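Beneath this line is the structure, given in structure tokens, with notes to follow.
Quantities reported herein were computed from a predicted structural model and do not represent experimental measurements.
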Amino acid sequence: MRRYTFILFLALFSCTDRMNENNEGFNINGAWVLQQVEYPSGAVYNYSMDGDGSACLVYDQQNNLYECRIASTSSGLVVVPTAKHVVTLIDQGGNNWLYLEDGDPHPLCVGDSAITIQRIGIRYTWKRDDKLYSEWGRDIRNIFDNDSISPELSNTQKYVLSARERQQANYIQWLIAAIAIVVILAVANYIVNRRRRQQLQLQLQQIQEVQENRPQQVRKAVKSVEDTFFASDEYDMLQRRMATGQLMKDEEWRQVEQSLKVVYPGFTSQLRSLYPMSDVEYHTCLLVKLRIPTKDIAAVLAREASTISTMRKRLYKKVFNREGGAKDWDDFILSIGY
């Protein structure tokens with residue numbers, strides 16, 4: 001026994017000269033396919049996954065070894081489970097490694113993409129196969145971890161891993177994840193819209209309360225300012241400008257806003273707070289407040305009159321969350337901003 005132990009550790013130290021100098025941090029996790037077997041007599045045999053297949057070692061991060069035979073086919077992979085072990089890889093320093101399989105030590109040599117494990121004088125060289133591990137590693141481990149697998153594994157148990165089934169499973173997982181994301185976004189959108197709706201209702205209630213509680217003297221003063229503005233030369237020029245149907249520049253829109261602020265100081269701020277409007281929607285509301293006819297609004301904004309009417313009905317639905325006509329929206333616009 002002592003002689004056997006001495007020979008074993010002598011073999012371990014004898015293979016250190018074949019280890020790669022850059023193996024610091026070496027990780028055995030992954031899939032390793034048998035490439036070559038070298039016997040003490042000098043006989044060498046090479047293997048591949050074609051035909052009857054090849055032996056394969058799959059290591060996970062929990063120090064488990066799943067030993068099996070695999071054969072690659074056009075439609076997937078054939079797996080024959082053979083054994084499951086617990087392994088330990090000990091770095092002894094100086095590129096010396098000790099490989100324990102269920103507590104049984106074996107000499108281990110590490111190369112760039114291969115490892116050599118020696119068992120009773122026979123050297124087994126395994127090549128890392130990252131593609132095999134990424135595509136089939138989980139499926140191979142599941143075969144061993146499945147309760148239907150007999151604890152006493154034998155070569156009579158074969159499992160065909162279908163590439164199509166795996167793709168379908170991946171698609172189902174992706175679909176479930178996509179549905180979950182859609183549901184989460186829908187719930188989040190509902191919560192945001194509900195909060196915005198509550199805030200909007202509060203704003204509308206505040207506007208209504210201000211209008212209802214406005215003193216009579218203030219009402220008369222507002223009416224006087226309105227009458228003066230709509231009878232002014234400025235408003236007459238504005239009407240004639242609109243009647244031309246020419247598109248307005250940014251500076252002209254700013255002048256319209258300033259004119260409205262003189263008569264209705266709170267109009268533009270209240271309008272902006274109701275809904276994130278587009279420029280066309282906002283400009284339409286400005287012109288409605290100025291009592292500009294629909295046909296002139298359509299001409300200035302380069303839209304059909306029917307489009308302007310539909311836009312106003314849509315704004316009413318968005319703000320009040322109920323159906324209404326273009327006139328309902330106009331009545332609301334005319335009532336705010338004082």
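One distance of note links CG of L271 with CD1 of I333; it measures 5.0 Å at 0.5 Å rounding. Distance check, rounded to the nearest 0.5 Å: CZ of R128 to OH of Y133 gives 9.5 Å. A distance of 10.0 Å separates CG of L98 from NE2 of H106, quoted to the nearest 0.5 Å. Interatomic distance, E257 CD to K289 NZ, rounded to the nearest 0.5 Å: 14.0 Å. Atoms NE2 and OH, from H85 and Y59 in turn, are 9.0 Å apart once rounded to the nearest 0.5 Å. One distance of note links CH2 of W126 with CD1 of I28; it measures 11.0 Å at 0.5 Å rounding.
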Worksheet item: Are M242 and M248 close enough, and set up right, to give a side-chain contact (heavy atoms from CB on, under 4.5 Å), and what steps lead you there?
Response: CA-CA 9 Å; M242 297 298 166; M248 296 176 60; 3.4 Å; yes
Discussion item. I'd like to know whether Q62 forms a side-chain contact (heavy atoms from CB on, under 4.5 Å) with R141, so could you lay out the CA-CA distance, the side-chain angles of the two residues, the decisive distance to 0.1 Å, and finally the verdict.
Written reply: CA-CA 12 Å; Q62 285 72 46; R141 296 196 304 270; over 6 Å; no
Discussion item. Checking L132 against C56 for the side-chain contact (heavy atoms from CB on, under 4.5 Å) test, could you report, in this order, the C-alpha distance in whole Å, the side-chain angles of both residues, the deciding distance, and whether it holds?
Written reply: CA-CA 10 Å; L132 173 68; C56 177; 3.9 Å; yes
Practice prompt. Give the intermediate values and the outcome of side-chain contact (heavy atoms from CB on, under 4.5 Å) for residues R119 and E101.
Written response: CA-CA 11 Å; R119 303 174 187 272; E101 190 174 290; 2.9 Å; yes
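The local environment of CG in D233 is sparse, with at most 12 non-hydrogen atoms from other residues, nucleotides or ligands closer than 6.0 Å. Q61 CD: 12 or fewer foreign heavy atoms inside a 6.0 Å radius.
Annotation for F229 and S232: closest pair O-OG, 2.5 Å, computed over non-hydrogen atoms. In terms of heavy-atom proximity, C109 sits nearest to R123 at SG-NH2, 4.4 Å. Closest heavy-atom contact between F144 and C68: CZ-CB, 4.2 Å. Pairing each heavy atom of G103 with each of P105, the nearest pair is O-CD, 3.5 Å. Pairing each heavy atom of L315 with each of Y275, the nearest pair is CD2-CD2, 4.1 Å. Nearest heavy-atom pair, C285 versus W329, reported as atom, atom and distance to 0.1 Å: SG-NE1, 3.6 Å.
Side-chain contact check for L290 versus S259: every heavy-atom pair is 4.5 Å or farther apart. Looking only at side-chain heavy atoms (C-beta outward), Q246 and E252 stay at 4.5 Å or farther from each other. At least one side-chain heavy atom of N27 sits less than 4.5 Å from a side-chain heavy atom of N29. No side-chain heavy atom of Y47 sits less than 4.5 Å from a side-chain heavy atom of V33. Two residues are said to be in side-chain contact when any heavy atoms from C-beta on lie closer than 4.5 Å; R314 and T310 meet this criterion. In this structure, the side chains of Y316 and R322 come closer than 4.5 Å at one or more pairs of heavy atoms. Using a 4.5 Å heavy-atom threshold, the side chains of I122 and P40 count as touching.
Remark: K84 engages D145 in a salt bridge, criterion side-chain N to carboxylate O under 4.0 Å. Remark: D250 does not engage R254 in a salt bridge, criterion side-chain N to carboxylate O under 4.0 Å.
One hydrophobic cluster holds both L57 and Y45 under the rule that ILVMFWY side chains link at heavy-atom gaps under 4.5 Å. I176 and L185 end up in different hydrophobic clusters when Ile, Leu, Val, Met, Phe, Trp and Tyr side chains are linked at under 4.5 Å. Note: the hydrophobic cluster containing V86 does not contain Y99 (ILVMFWY, side chain heavy atoms under 4.5 Å, direct or indirect links). In this structure, Y282 is a member of the same hydrophobic cluster as V280, with clusters built from ILVMFWY side-chain heavy atoms closer than 4.5 Å. Under the 4.5 Å side-chain contact rule for hydrophobic residues, L334 and Y235 do not share a cluster.
Listed for the T125 side chain is no donor-acceptor partner under 3.5 Å among the backbone atoms of Q35. A distance-only check finds no donor-acceptor pair linking the side chain of D331 to the backbone of D328 [under 3.5 Å].
V187 pairs by the side-chain contact (heavy atoms from CB on, under 4.5 Å) definition with V183, I191, not counting sequence neighbours.
Within the structure, side-chain hydrogen bond (donor to acceptor under 3.5 Å, both in side chains) contacts touching residues 290-300 (residues at least two apart or in different chains) are Y264-R291, T294-R312.
Side-chain polar atoms of D60 and Y66 form a donor-acceptor pair below 3.5 angstrom.
Ring orientation note: the planes of W253 and H283 are close to parallel, at an angle under 30° on the 30°/60° scale.
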